[in-house]
K.L.:
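This is the structure I have questions about; it appears just below.
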Amino acid sequence: MGDSFHEQLLEDSAFLRADRRLDIELVDKIILQLNRIYPQILSDKEATKFRNLDVPTSLRVGELLTHLQGKGDEACREFYRALHLHVEEVYYSLPTRLRLRVSLDPLTIPRVHQQRHVLNDRGPVFFLGCFSVAVGMALLYYYSETKVTGGSQALGMASLGLKRKAQEVLIWYTEEGLMK
């Protein structure tokens with residue numbers, strides 16, 4: 001690799017501070033992993049300080065990175081390991097990782113990593129509106145079937161390929177619909 005993890009973290013710090021994919025939950029997961037698995041890197045008191053929700057996430061990330069850089073190369077390596085474990089797409093889009101990928105294989109064009117899940121930008125109201133229309137059309141079709149199209153006769157025809165008991169139920173339903 002050439003660069004130490006400390007130097008890589010110095011280079012990636014600006015990117016990590018600005019990246020919006022590192023939300024409150026992900027930063028907390030990284031802090032908890034560093035605290036629980038490597039308490040020599042991040043003590044309980046330090047973890048509590050970095051998990052303070054009153055401080056904006058980008059500021060917490062910046063303080064955490066500065067603290068880890070002060071702890072040395074091993075702490076920086078464990079941060080990268082936690083980042084890779086919890087936020088893989090951020091890890092692979094770090095400037096040092098992109099440079100490493102390009103330097104390893106100069107003949108190929110680096111791939112652009114797309115999000116795994118593309119969310120609809122129209123939101124939940126649009127979904128509820130479409131769902132309501134679909135349910136309304138289904139109810140309209142269901143309740144108007146026997147009155148307008150004689151849909152109960154279709155049930156009688158559908159019973160031809162069924163077992164005897166199911167066939168009796170469907171035929172009974174069609175006879176009942178014709179009597180009304």
K.L.:
Once rounded to the nearest 0.5 Å, what's the spacing between atom CD of Glu63 and atom OG of Ser58?
P.N.:
10.0 Å
K.L.:
Would a 4.5 Å heavy-atom cut-off, applied to side chains only, mark Glu78 and Leu42 as touching?
P.N.:
no
K.L.:
Would you say CD of Gln40 has more than 12 non-hydrogen atoms from neighbouring residues, nucleotides or ligands within 6.0 angstrom?
P.N.:
yes
K.L.:
Donor-acceptor check, side chain of Asp19 to backbone of Val90, threshold 3.5 angstrom: yes or no?
P.N.:
no
K.L.:
Do Phe50 and Val55 come within less than 4.5 Å of each other through their side chains, counting heavy atoms only?
P.N.:
no
K.L.:
Begin from the C-alpha positions of Leu65 and Phe79 and carry the test side chain to side chain contact (heavy atoms under 4.5 Å, CB included) through to its verdict.
P.N.:
CA-CA 9 Å; Leu65 295 176; Phe79 172 77; 3.6 Å; yes
K.L.:
What I'd like to find out is whether the side chain of Arg51 reaches to under 4.5 Å of the side chain of Leu32, using heavy atoms alone.
P.N.:
yes
K.L.:
Starting from the C-alpha separation in whole Å, work towards a yes-or-no answer on side chain to side chain contact (heavy atoms under 4.5 Å, CB included) for Leu85 and Ile30.
P.N.:
CA-CA 9 Å; Leu85 180 69; Ile30 292 170; over 6 Å; no
K.L.:
Ion pair present between Arg77 and Glu74, side-chain N to carboxylate O less than 4.0 angstrom?
P.N.:
yes
K.L.:
Atom CG in Leu16, atom CG in Leu83: separation rounded to 0.5 Å?
P.N.:
6.0 Å
K.L.:
Show your working on side chain to side chain contact (heavy atoms under 4.5 Å, CB included) between Cys76 and Lys71 and close with a plain yes or no.
P.N.:
CA-CA 8 Å; Cys76 297; Lys71 289 280 187 166; over 6 Å; no
K.L.:
Rounded to the nearest 0.5 Å, how far does CD of Glu46 lie from CG of Leu34?
P.N.:
10.5 Å
K.L.:
Using a 4.5 Å cut-off on heavy atoms from C-beta on, say whether the side chain of Val27 contacts that of Asp23.
P.N.:
no
K.L.:
State plainly whether one hydrophobic cluster holds both Phe15 and Leu64, where clusters connect Ile, Leu, Val, Met, Phe, Trp and Tyr through side-chain heavy atoms under 4.5 angstrom apart.
P.N.:
yes
K.L.:
Give the ring-plane orientation class for His84 versus Tyr91, where under 30° counts as parallel, over 60° as perpendicular and anything between as tilted.
P.N.:
perpendicular
K.L.:
Nearest 0.5 Å please: distance from the CG atom of Leu68 over to the CG atom of Asp73.
P.N.:
11.5 Å
K.L.:
Nearest 0.5 Å, what's the CD-CG distance between Glu7 and Leu10?
P.N.:
7.5 Å
K.L.:
Would you say His6's side chain and Gln69's backbone share a donor-acceptor pair under 3.5 angstrom?
P.N.:
yes
K.L.:
Would a 4.5 Å heavy-atom cut-off, applied to side chains only, mark Ile41 and Asn35 as touching?
P.N.:
no
K.L.:
May I ask you to check whether Arg21 and Ser93 show a side-chain donor-acceptor distance below 3.5 Å?
P.N.:
yes
K.L.:
State, yes or no, whether a side-chain contact exists between Arg60 and Ile31 at a heavy-atom distance under 4.5 Å.
P.N.:
yes
K.L.:
Between Leu26 and Leu59, is there a shared hydrophobic cluster once you connect ILVMFWY residues whose side-chain heavy atoms come closer than 4.5 Å?
P.N.:
no
K.L.:
Let's go through Gln8 and Ser4 carefully: what are the C-alpha distance in whole Å and the side-chain angles of both, what is the deciding distance for side chain to side chain contact (heavy atoms under 4.5 Å, CB included) to 0.1 Å, and is it a yes or a no?
P.N.:
CA-CA 6 Å; Gln8 290 178 20; Ser4 70; over 6 Å; no
K.L.:
Taking the six-membered ring of Tyr38 (Phe, Tyr or Trp), confirm whether the NZ or CZ of Arg81 is under 6.0 Å from its centre and within 45° of its axis.
P.N.:
no
